Visitor: 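Take this structure, written in structure tokens, and hold onto it; I'll ask about it next.
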Amino acid sequence: MRRGDFLRWLGFSGALLLTVATLLNAAATPRWLTTVPAVVLAAAVAGMGTVVLAWVLLGRLVVTGGDAAPGPRALKWTVLLWAGPLLAAPPLFSRDVESYLAQGAIAARGLDPYVLGPRQGLGPADELTRNMSGYWLDTPSPYGPLFTAVQRLIAQVTGEQQLTGLLLYRLVALVGVALVLWAVPRLAARAGVPANAALWLGVANPLLLWHFVAGVHNDALMLGLMLAGTVLALSAVDERVQWWRLSAGVLLIALAADVKLPAVVALAVVGTALARRLGGTLWHLALTGTAMLASVAVVSAVVSLATGLGFGWLTTLGTSGQVNSWMAPTNWFGFLTGGIGSLFGLRITQTMIGVGQLVGYALIACGAVVVVHRQLRGSLGELPALGLLLAVVVAFGPAVQPWYLLWAAVPLATCLPAGRARTTLAALVALFAVLLPPLGGNFSGKVGQLVAGYLGGALVVAALAFLARRGAPERTHTASARR
């Protein structure tokens, strides 16, 4: 067995172990498992860590090249192989899909999900409401009209049956993953990066598997539409402007923004690329920027009116920022000053978090100006510009979740050459992939269980890493030829 094949099956075994552990956790049938819950968590962590280990070692083969390096086709099959077991797992790492189900039910009942939270719209006794995370019980939907229309359709088709609804949301997420898988090699070819390196870092990474496949996040659809639109739009302005192709790309990006708003930054990159093609002056940038804004406004208006959902989504875009995300750097200032203030009897945490978020918005605006200016002048490529713009939005936004890193990581994977930058990005992906407990839930008051579970899982992964290094097959065609 070649080393690449060995690592593929190692990753598959990790995904399978993670899936089995989560199913046991959901069923909680064996008595000894319920008595020692850290055992199940340790098994889940071990599965999670095994996939991360296999992915890292596979990346070393990609970087070193040679006969042992997996090609683009092999990496696509690797994505499918590792994703397979996760399709049978319950939603992992977060319970956002439960809020999707509740918001869709509100819309299907003829109510406005942009006004009513699930507790108000469905009632506290509704099964969908009872299963939701408490964070989103009283908040209206923060999503654009296209995704809300999808939510409503799923609720209408399933009759609000949760299992069937979950399967359909997973199908929607897989459509997004398929679009990412289609777009990444094409963007990599544009940037002169090997397709296998881009696929390894951008699509086969465990963070995408956890949160797009297993976690069923709508970010998968947003990112897939955005990248597919970027492929079409940038290819339309290469030599001569192909207006119909450009329009199709802009339409896909605008639809992505009607799932989640951050996708709109891709239009800044496309508009700047078009401005460079037309002459590269500030006048051309103002002209193309206005055209991009008008395009997304028209598409959003058409979607809002055609679906009958109206424009209430414009008032709820900041809903996700109402929960004080501990991962958002802009909130750290508020937590720190609020903690100090509490020593003196002052309750200023929320006020200072608001101040930090305002500073974050200012930094996003400044960062966007710098990136667009550099792209217009030709000192920054289109895809690095897209990745950096999204990185700025994530880093200085009011809410940060581990899967938000994918917004920037996937575009950057298509353009970063081998070296320190790519290694740093891969390290961040690996770190964020193990940041949340795979079983989710509230571990408040269960720190010992969490530590024991992570420690047990880490020991298993360490043993596997040792065995993989000492005993993993090394045979390649070259080695066989030498024999």
Side-chain angles (χ1 to χ4, degrees), residues 8-27 40-56 58 76-101 131-133 154 162-181 200 202-224 260 401-407 409-410 429-441 443 453-454 457 461:
R8 264 193 296 279
W9 287 108
L10 179 65
F12 172 80
S13 66
L16 185 61
L17 177 58
L18 173 59
T19 299
V20 170
T22 55
L23 291 173
L24 285 174
N25 179 71
V40 183
L41 179 59
V45 171
M48 182 173 69
T50 301
V51 177
V52 175
L53 173 66
W55 177 71
V56 170
L58 197 63
K76 290 179 180 179
W77 280 111
T78 299
V79 174
L80 297 178
L81 184 67
W82 292 358
L86 299 175
L87 296 177
L92 300 183
F93 300 96
S94 84
R95 295 161 58 185
D96 281 7
V97 69
E98 294 169 355
S99 67
Y100 300 167
L101 290 165
N131 292 335
M132 275 189 62
S133 167
I154 289 177
Q162 293 190 55
L163 180 58
T164 309
L166 168 62
L167 293 175
L168 289 178
Y169 277 112
R170 186 155 273 166
L171 179 61
V172 170
L174 290 177
V175 169
V177 172
L179 288 172
V180 173
L181 198 60
W200 166 74
V203 189
N205 75 71
L207 196 61
L208 185 144
L209 294 170
W210 297 167
H211 298 292
F212 285 5
V213 178
V216 206
H217 286 286
N218 60 0
D219 302 68
L221 182 61
M222 177 201 78
L223 194 62
K260 294 187 77 169
Q401 300 291 351
W403 57 92
Y404 288 8
L405 179 65
L406 291 168
W407 301 355
V410 177
V429 168
L431 173 64
F432 274 61
V434 298
L435 207 55
L436 294 181
L439 302 183
F443 284 88
Y454 262 87
V461 174

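Note that this is a predicted model, so its numbers are computed, not measured. In what follows, residues are counted from 1 in the order of the sequence shown.
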Visitor: For P402 and L207, which heavy atoms make the closest approach, and how far apart are they?
Guide: O-CD2, 3.5 Å
Visitor: If you round to the nearest 0.5 Å, how far is CG of L208 from CH2 of W210?
Guide: 11.0 Å
Visitor: Would you confirm whether Y100, through its side chain, and Y169, through its main-chain N or O, come within 3.5 Å as a donor-acceptor pair?
Guide: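 Not confirmed, Y100 side chain does not pair with Y169 backbone.
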Visitor: Find the distance between CD (Q162) and CG (L101) and round it off to the nearest 0.5 Å.
Guide: 6.0 Å
Visitor: Look at the side chain of W55 and the backbone N and O of W200, then say whether any donor-acceptor pair between them is shorter than 3.5 Å.
Guide: yes
Visitor: Write down the atom of R170, the atom of V216, and the distance for their closest heavy-atom approach.
Guide: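 Closest heavy-atom pair between R170 and V216: N-CG1, 3.4 Å.
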Visitor: Closest heavy-atom contact between A173 and A220?
Guide: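 Looks like O-CB, 3.6 Å.
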Visitor: Quick one: pull up OG1 in T19 and CG in L23 and give me the separation to the nearest 0.5 Å.
Guide: 6.5 Å
Visitor: Ignoring hydrogens and angles, tell me if any N or O in the side chain of T22 forms a donor-acceptor pair with the backbone of A89 under 3.5 Å.
Guide: no
Visitor: Drop me the distance from F12's CZ to L80's CG, to the nearest 0.5 angstrom.
Guide: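 If I round to the nearest 0.5 Å, the distance is 12.0 Å.
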Visitor: Looking only at non-hydrogen atoms, find the nearest pair between K260 and M222 and report the distance.
Guide: CB-SD, 3.4 Å
Visitor: Could you tell me which non-hydrogen atom of L87 sits nearest to which non-hydrogen atom of L174, and how far apart they are?
Guide: CD2-CD1, 3.8 Å
Visitor: Let me confirm one number: the CG-CG distance from L223 to N218, rounded to the nearest 0.5 Å.
Guide: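 So the CG of L223 and the CG of N218 are separated by 11.5 Å.
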Visitor: Decide yes or no for P85 and L18: does some side-chain heavy atom of the first lie under 4.5 Å from some side-chain heavy atom of the second?
Guide: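 The answer is no; the side chains never approach within 4.5 Å.
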Visitor: Shortest non-hydrogen contact from R8 to W82?
Guide: O-NE1, 2.7 Å
Visitor: State which residue, out of L431, V429, N205, fulfils the side chain to side chain contact (heavy atoms under 4.5 Å, CB included) condition with L405.
Guide: V429
Visitor: Out of curiosity, L406 CG to H211 NE2, how far, rounded to the nearest 0.5 Å?
Guide: 7.5 Å
Visitor: Under 4.5 Å between any side-chain heavy atoms of L436 and S94, yes or no?
Guide: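 No, their side chains stay 4.5 Å or more apart.
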